[in-house]
Amino acid sequence: MPPRPSGRAGSTVRAPPIRPWRPAAAVSGFHHSHRSRSMSVRTRFAPSPTGFLHIGGVRTALFNWLLARHHGGRFILRIDDTDQERHVDDAVKRILDGFRWMGMDWDEGPEVGGPHGPYYQSQRAEHYRAAVDKLIASGRVYRDYSTESERNVERDASKREKRPYRFRRIVHAPDEIARFEAEGRPHALRFEVPLGRTLVLNDLIKGEVTFSTDEIGDFVIVRPNGQPLYNFASVVDDAEMEITHVVRAEEHLSNTFPQLLMFEALGAPLPAFAHVPYVAEPGSREKMSKRKTDDYAKRGVLVYLHQYIEKGYLPDALLNYLARLGWSFDGAQELFTRAELIEKFTLDRVNSSPASHDPDKLFWIEGEWMKELPVEAKIAGVVPFLAAEGLVGQPLGDAERAYVEAVVLALGDRLKTFSDVVKLGRFFFTPELTFDPDAVKKRLRKPGVPEMLGDLDALLGAVEPYDLETLEKAVHEYAEKTGRKMGDVVNPLRVATTGQAVGPGLYDCLYLLGREACRARIRQTLAMLEQTD
RNA sequence: GGCCCCGUCGUCUAGUGGUUAGGACACAUGCCUUUCACGCAUGCAGCACGGGUUCGACUCCCGUCGGGGUCACCA
């Protein structure tokens, strides 16, 4: 237990730790009841519609969603667009599509509405106005007539003297205020922070955090142009939307204390807070930065949700991975179904330290989930990628569909993401061979290989019937008869018919491709070898 | 710089004073095998550092170092 602040002036405000299933008793010093005492759990995710969702944001949203679902509560989506109201539609749609893809459904918010709407901050002006009236009545909010240049003087001085900058109320004489008003001088609305109080937050992830109000400057809640600011708007909304658990990124931990003051001034019940640590770069403790997106891309590290969607990842796999990034159940279980996650997720198992993004582990989980996927679903997932490359027609014919199914089956566990079908199985769909230079060098540029390929061409022409079993038997017999090792026959034949050194079993390839296609490819390979020898 | 948060293998984590510090990914090796993938087996690897407290510290306290946040009329 950290030492309790004692013997100093000021009261103590405590936000009690609340376990939804067993509300804690009220703690001295704070006279407001806690939200979740008698209500069901209500969580929210409040993105601002700028750019794309990155995986850190998705994870925060997921924790909110899981918490709500775990307790049979409600998950609310709110669009925090106080700042920019233009061209929001597209960004919001992208966010919503991302949520839909992840299968994180929201009970209130855009498109579905709800009893506490609207769910766009840009449409809630009257709510903020009413809250401002309330705060003004409480005497906690005042008009600030300061100019930017005046504040800059203070700020620069603070910086120079290496002390924190904190705005404190400038008290003007009544006639001065009258003059300001007469000349129409613009003013912001500020919250007057009471000095000398110690605020204690019982964060559900971080534990007990103590903060002195002396560290908080009087903050602006409404700009001169009437625009409400985040710190204020989000408190008003969380209160009105009856949010019981504010689960958000830890960068908001310090913001929580001024917010506590506003909840108090508003006379609103306090939600519980849980601050989720940031996501670090792969292999590092450093925070992932949006600015480095291009660098990450060069290293093959994907940071945005849409990038994983485009790669053909499985929502259940990403969900599983993100849940385990910073959360664990028992230290042993790695794979969780959606239902298990809902059943087992609790905030107290969320790690209080940052977790770094591990694309390798994601890829492994993805593979595990892909193994479980029924072949029908694999076909459905793979077809768009084939179609985008022009490798299959659209819509798919019956025969084509059967062929895709056979290819998917042949690919087996090699298929990790849906887009892998193009990388691993392209040769199944086009007569044009793309030769892997290393494979050609290693397997084909060997003495005797062209002659052998000639033999195999003839062999394929003679095999009857042309099926898996007979093919395998014929190749074995050929190897035996000519005194070659199986690998010395099979590997060149694979490269000659697929262009690649790796892939499904050889006989699967030969059979699926068909007799004539295989023979044509062998001849194509022979020609290639001669030309570039 | 003030204040606040954080620090177990490369990575995700288990661990709440007494453990040979456990599991997973990655990596390495072997087996399986026509390649790759899968599977199986084995191995490598960790309590940031320094002081305390204690019979005994990864676990508690203090400091240092490192990472992060905040100190906006951004969110």
Side-chain angles (χ1 to χ4, degrees), chain A residues 1 3 46-48 50 80-84 144 146 148 151 155 158-167 186-190 201 203 205-207 209-212 214-217 219-225 227 229-231 233-234 249-257 275 277-278 280 282-287 321 324-335 349 351-365 367 371 411-416 424 439 443 472 475-476 479 485-495 498 500-507:
Chain A
M1 281 279 140
S48 61
T50 53
D80 279 13
D81 58 352
T82 53
D83 199 25
Q84 37 171 290
D144 167 29
S146 70
E148 194 177 352
R151 296 191 301 272
R155 211 196 320 270
S158 306
K159 199 161 190 181
R160 239 188 351 265
E161 295 161 33
K162 299 193 174 210
R163 58 180 167 81
Y165 168 69
R166 291 193 193 93
F167 189 97
H187 63 267
L189 259 24
R190 279 189 194 264
L201 169 71
D203 192 275
I205 291 173
K206 296 289 186 178
V209 183
T210 303
F211 209 88
S212 166
D214 295 350
E215 304 290 339
I216 310 169
F219 51 92
V220 171
I221 63 169
V222 179
R223 278 176 160 176
N225 68 5
Q227 182 199 321
L229 261 26
Y230 167 81
N231 244 356
S234 94
E250 78 175 324
E251 63 190 275
H252 293 295
L253 184 56
S254 302
N255 287 334
T256 306
F257 297 94
H275 287 91
Y278 64 91
S284 147
R285 282 333 270 195
E286 285 184 36
K287 193 179 182 185
Y321 166 74
R324 279 287 289 104
L325 190 64
W327 173 86
S328 67
F329 176 62
D330 58 5
Q333 187 174 354
E334 300 288 349
L335 271 10
R349 300 290 306 178
N351 212 123
S352 57
S353 55
S356 71
H357 177 36
D358 186 350
D360 287 334
K361 186 142 186 178
L362 203 206
F363 196 66
W364 172 73
I365 292 178
K371 282 183 203 166
L411 252 19
D413 293 342
R414 295 168 191 82
L415 190 79
K416 307 273 182 130
L424 301 174
R443 302 299 190 189
E472 181 165 2
V475 172
H476 267 95
K485 283 187 282 193
M486 276 303 286
D488 292 338
V489 178
V490 162
N491 287 316
L493 183 53
R494 172 193 307 286
V495 180
T498 70
Q500 306 297 306
V502 302
L506 176 66
Y507 309 110

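A note on names: the letters A, B, ... follow the listed sequences, proteins ahead of strands, and every chain is numbered from 1.
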Atom [atom1], compared across [N] and [M]: separation rounded to whole Å:
N	M	atom1	value
B:U70	B:G52	P	38 Å
B:C71	B:C47	C1'	34 Å
B:C40	B:G23	P	15 Å
B:A26	B:C58	P	31 Å
B:A14	B:U19	C1'	12 Å
B:U54	B:G1	P	34 Å
B:C25	B:C44	C1'	15 Å
B:C9	B:G46	C1'	4 Å

What is the separation between atom [atom1] on [X] and atom [atom2] on [N], rounded to the nearest whole Å?
X	N	atom1	atom2	answer
A:Asn255	B:G68	CG	C1'	14 Å
A:Phe219	B:A75	CZ	P	14 Å
A:Asp360	B:U11	CG	P	13 Å
A:Tyr278	B:U70	OH	P	12 Å
A:Asp358	B:C27	CG	C1'	12 Å
A:Leu335	B:G23	CG	P	18 Å
A:Tyr230	B:C71	OH	C1'	16 Å
A:Gln333	B:C25	CD	C1'	16 Å

Can you tell me the Watson-Crick or wobble partner of [N], both distances under 3.5 angstrom?
N	answer
B:A14	none
B:U19	none
B:U29	B:A41
B:C71	B:G1
B:C49	B:G63

Under 3.5 Å donor-acceptor pair, A:Glu334 side-chain atoms to B:G23 base atoms: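 Counting by modelled atom types and ignoring angles, a donor-acceptor contact under 3.5 Å is found here.
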Phosphate-side-chain proximity, A:Arg349 and B:G15, N/O vs OP1/OP2 below 4.0 Å: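 Answer is yes, contact under 4.0 Å.
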Considering only heavy atoms from C-beta outward, does the side chain of [X] approach that of [Y] to under 4.5 Å?
X	Y	value
A:Pro359	A:Pro282	yes
A:Glu250	A:Ser352	no
A:Lys361	A:Arg324	yes
A:Ile221	A:Tyr230	no

With sugar-phosphate meaning primed atoms plus P, OP1 and OP2, does [X] contact a base, only sugar-phosphate, or nothing at under 4.0 Å between heavy atoms?
X	answer
A:Ser146	base
A:His252	base
A:Arg155	sugar-phosphate
A:Glu251	base

First encountered from the 5' end of RNA chain B, between A:Ser356 and A:Pro224: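 Result of the comparison: A:Ser356.
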Centroid-centroid distance, A:His357 to A:Tyr278, less than 6.0 Å: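 They do not qualify: ring centres at least 6.0 Å apart.
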Per A:Ser328 side chain, nearest of listed nucleotides B:A14, B:A26, B:G23: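 Looking only at side-chain atoms, A:Ser328 lies closest to B:A14.
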Per A:Lys287 side chain, nearest of listed nucleotides B:G68, B:A24, B:C25: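 Nearest nucleotide to the side chain: B:G68.
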Polar contact flag, side-chain donor to acceptor under 3.5 angstrom, A:Ser234-A:His252: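 No, because no side-chain N or O of A:Ser234 sits under 3.5 Å from a partner of the opposite role on A:His252.
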Donor-acceptor side-chain pairing of A:His187 and A:Asp144 below 3.5 angstrom: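 No, no side-chain donor-acceptor pair sits under 3.5 Å.
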Contact pattern, 5' to 3', of nucleotides 32-40 of chain B - B, S or - by protein heavy atom under 4.0 Å: --BBBSSS-
Base versus backbone protein contacts along nucleotides 2-7 of chain B [heavy-atom cut-off under 4.0 Å; B, S, -]: BSSSSS
If I compare all heavy atoms of [X] with all of [Y], which pair ends up nearest, and what's the gap?
X	Y	answer
A:Ile365	A:Tyr321	CD1-CA, 3.8 Å
A:Arg151	A:Arg190	CD-NH2, 3.5 Å
A:Met486	A:Ala479	SD-CB, 3.7 Å

A:Glu161 atom CD, neighbour heavy-atom count above 12 within 6.0 Å: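 More than 12 within 6.0 Å, yes.
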For A:Tyr507, all residues meeting ring-ring contact (aromatic ring centres under 6.0 Å, His included), sequence neighbours excluded: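 If we apply the ring-ring contact (aromatic ring centres under 6.0 Å, His included) test to A:Tyr507, skipping adjacent residues, there are no hits.
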